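Everything below concerns the one structure shown next.
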Protein chains: 2
Amino acid sequence: MSTKTDAGLHLTETLEDYLEIILMLSLQMPTVRVRDIARLKGVRMPTVTWALRRLAEKQLVLYAAREYVELTARGGEIARSVAGRHRFLSAFLVKILGVAPKVAEKDACGLEHHLSPQTLDRLAALVEYVETCPEVQKDFLTRFRYCFTQPKPSSAACRRSDCRTDRARRGEDPDLISLGTLPAGAQGTVARVHVSVKRRPMLIRSGLLPGTVVEKVSPPSLRRPALIRVDGQDLKLTAAEARSILVARIPDGEEKTGVGE
Amino acid sequence: MSTKTDAGLHLTETLEDYLEIILMLSLQMPTVRVRDIARLKGVRMPTVTWALRRLAEKQLVLYAAREYVELTARGGEIARSVAGRHRFLSAFLVKILGVAPKVAEKDACGLEHHLSPQTLDRLAALVEYVETCPEVQKDFLTRFRYCFTQPKPSSAACRRSDCRTDRARRGEDPDLISLGTLPAGAQGTVARVHVSVKRRPMLIRSGLLPGTVVEKVSPPSLRRPALIRVDGQDLKLTAAEARSILVARIPDGEEKTGVGE
DNA sequence: GAACACTGTTAGAGCAATCTAACAGAGGTT
DNA sequence: AACCTCTGTTAGATTGCTCTAACAGTGTTC
C-alpha cells in the first residue's frame with residue numbers, strides 16, 4: 001500500500017513536525033484549528049497557513065482556507081510513525097537512561113527525525129531486551145541507577161566491590177588502568193569516567209566519552225594538573241580526576257588519531 | 001574559560017558541521033583547503049566560502065580570503081565536542097546496538113546536534129555500565145545479539161527457555177500476554193515484538209514500539225487478520241504476528257489514548 | 001612568456017521557514 | 001444595525017543555506 005505516491009516526497013523536519021502536531025490535536029479535540037497548531041508549535045498563524053498549504057500540495061492533509069484541517073491516509077501514516085518514534089524515544093530517555101522528563105521531551109523532538117528504521121529497530125530491541133529478559137531485567141536498571149547516581153564515586157560499598165571499575169581502580173584489572181597510572185606518552189581509550197555526578201557532564205562535554213582515544217602528556221605533579229591530549233588538544237585534570245578515569249591501554253606502536261578516515 | 005564570548009552564539013547545525021569537518025581535516029593534512037571541505041560536506045565551493053565567513057565573524061575560525069583555514073581556540077573546543085559526540089554515538093550504534101556501520105555513521109551525523117548534555121551523559125553512563133560492570137558485561141551483549149538476531153523467533157532453544165518472552169508465549173507470565181490472547185476491546189502496552197528479524201522493522205515502523213498503547217479491536221478469524229488500533233488507526237496483523245507480540249495488559253477503566261497531554 | 005589547469009571568490013538567484021502589518025470573515029453585545 | 005473580538009488569510013520582508021555562472025589568482029608546461 002502507498003507505494004506510488006511516495007516517489008518525490010522529501011519531507012522536511014518541519015513539515016513532519018506539523019503532521020505530528022496535527023495528529024496529536026486531532027486525538028484531543030474534535031476539530032483541529034490553525035490557532036492550536038500555532039500555539040503548540042510555538043509559531044505565528046501565518047506560518048501555519050504556509051505549512052498547511054505545503055502539506056496539502058503533497059496530499060498529506062485535507063485543507064481549504066478557513067476550513068478545518070484533516071490528515072489524509074498517507075499523512076496520518078507518517079504522523080503516526082513520527083509520533084510513535086517520539087513517544088518511544090522519550091520513554092527510553094526517561095525510563096531507561098533516567099533523563100529528566102522535560103529534557104527528554106525536548107531531546108526526543110530533536111532526535112525523532114534522525115533515526116533510521118534500522119537504528120530505531122535496534123534501539124527498540126534493546127528496550128525489549130532489558131525489560132523482558134529475566135537474567136538482565138531483575139536488577140539491570142537498579143544497578144545502573146545505583147552505579148551512576150551516587151554523588152560520590154568511591155563510597156565504602158565500591159571499595160570492596162567486585163565491580164570492574166573498582167577492581168581497576170585498585171589496580172587489579174589487567175586491561176583497564178586509571179589515567180593517573182598511565183605512563184606519559186602512552187595512549188588509551190576511555191572506558192569509565194568515575195567521578196561525581198556533578199563533574200561528569202563537564203568532563204563528558206570536553207570529550208571524555210567512552211571510546212575516545214586519549215594520550216597522557218604529563219602526569220600531575222605537586223601543584224600542576226595532569227595534561228591529557230584529546231582530539232589534538234590538551235586538557236587539564238586534577239590528580240583525583242585522573243585517578244578516577246579508567247582507560248583501556250593501547251599498546252605503543254598502534255597510535256590512533258581519534259578521527260576516522 | 002570562554003564565558004564572555006558565548007553570549008549571543010547560537011550556532012546552527014550546519015555551521016557546527018563545518019567546524020567538525022575542519023577539525024577532521026586539520027588532523028589529517030597540514031593545511032585545510034576550501035576544496036576539501038566542500039568535498040567532504042558534499043557542497044560546492046562558494047557555499048564553503050559563505051560558511052567560512054560566518055564562522056570567521058563568530059571568531060570560530062581564522063580565515064582570510066584565499067588563505068588557509070584554521071580553527072580558533074573556541075572553534076576548536078566546539079569542533080572537538082561535536083566530533084566527540086559523533087564518534088561516541090557512532091560507536092554506540094555499532095558496538096552496542098549492532099547497527100550497520102554505514103547506517104550508524106549517517107545516523108550519528110543527524111543525531112549529534114540534538115543530544116542535550118544530560119542525555120549524552122546518561123547514554124555514556126549506559127555504555128560504561130554495560131562495558132565495565134561484570135555482572136552485566138559477561139554476556140549482556142552476547143545474549144542481546146542472540147535474542148534479536150535469530151531469523152526465526154521460536155527456535156527450539158526458545159521453546160524451553162526461561163526467557164520472560166518465551167514464558168509469556170506459553171502463557172506462564174501473569175503480566176505479559178500475547179496480542180493473540182488479549183480479549184477484544186482490551187488495551188495493552190507493547191513489550192516485545194517477537195517476530196522474525198525481517199518483519200520487525202515493518203511492524204516497528206507502523207508504530208509497534210515498546211511502550212505503545214494498543215487496543216485489540218477484533219481477533220483473527222478464519223481468513224481475516226486481527227485488527228489492532230494503534231494511535232487511532234487500525235492495523236492488520238496475521239494470527240501468527242498477533243501471537244508473537246507481547247503486551248502488558250492495561251486494566252479496563254484506565255484507558256489511554258497513547259498521546260501525552 | 002603564452003596557454004592551461006586548478007583553486008577560490010564574487011554576484012545573483014532560489015527555496016524553506018519564519019516574521020510583522022494589514023485586511024477579512026463570523027459571532028456575539030449592546 | 002453598529003461594534004468588538006477572535007480567527008485566519010494575504011502581502012511583503014528577512015534569514016539561512018544552497019546553487020550556477022562568471023571572474024580572478026597561482027602555478028605548471030610547452
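Labels below follow one simple rule: chain letters A, B, ... track the order of the sequence lines, proteins then strands, and each chain is numbered from 1. A quick note: this is a predicted structure, and the numbers were derived from the prediction, not measured.
- Using a 4.0 Å heavy-atom distance criterion, R54(B) is classed as making no nucleic acid contact.
- One finds the CD1 atom of I228(A) at 12.5 Å from the OG1 atom of T212(A) (value rounded to the nearest 0.5 Å).
- Rounded to a whole Å, the CZ atom of R35(B) is 9 Å from the P atom of dC6(C).
- For T14(B), taking side-chain heavy atoms from C-beta onward, the closest of the listed nucleotides dT18(C), dT18(D), dT9(C) is dT18(D).
- Salt bridge annotation for R54(A)-E57(A): present, with a cationic side-chain nitrogen under 4.0 angstrom from a carboxylate oxygen.
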Walk me through whether L179(A) and V214(A) qualify under side chain to side chain contact (heavy atoms under 4.5 Å, CB included). CA-CA 9 Å; L179(A) 256 186; V214(A) 298; 4.2 Å; yes
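- F148(B) and Y129(A) have perpendicular rings, their planes meeting at more than 60° on a 0 to 90° scale where under 30° would count as parallel.
- Looking at heavy-atom distances under 4.0 Å, Y18(B) makes contact with sugar-phosphate atoms alone, never a base.
- Whole-Å rounding puts the I37(B) CD1 to dC17(D) C1' distance at 16 Å.
- As rounded to whole Å, 12 Å separates atom C1' of dA17(C) from atom CD of E13(A).
- Residue-level contact check: T47(B) touches the bases, meaning some heavy atom is under 4.0 Å from a base atom.
- Phosphate proximity of dT18(D) to K41(B): present, with a side-chain N or O under 4.0 Å from OP1 or OP2.
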Would T49(B) and R53(B) satisfy side-chain hydrogen bond (donor to acceptor under 3.5 Å, both in side chains), going step by step from the backbone distance to the final call? CA-CA 6 Å; T49(B) 303; R53(B) 261 211 293 267; over 6 Å; no
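- Ring geometry, F92(B) versus F88(B): the interplanar angle falls under 30°, so the pair is classed parallel (tilted spans 30 to 60°).
- Closest contact between the side chain of R66(B) and the listed nucleotides dT18(D), dT9(C), dT18(C) involves dT9(C).
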Are any protein N/O atoms closer than 3.5 Å to N/O atoms in nucleotides 10-14 of chain D? If there are, list each pair with its distance.
residue: dT10(D); atom: OP2; partner: R53(A); partner atom: NH1; Å: 2.8

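- Side-chain atoms of M45(B) lie closest to dT9(C) of the nucleotides dC17(D), dT9(C), dT9(D).
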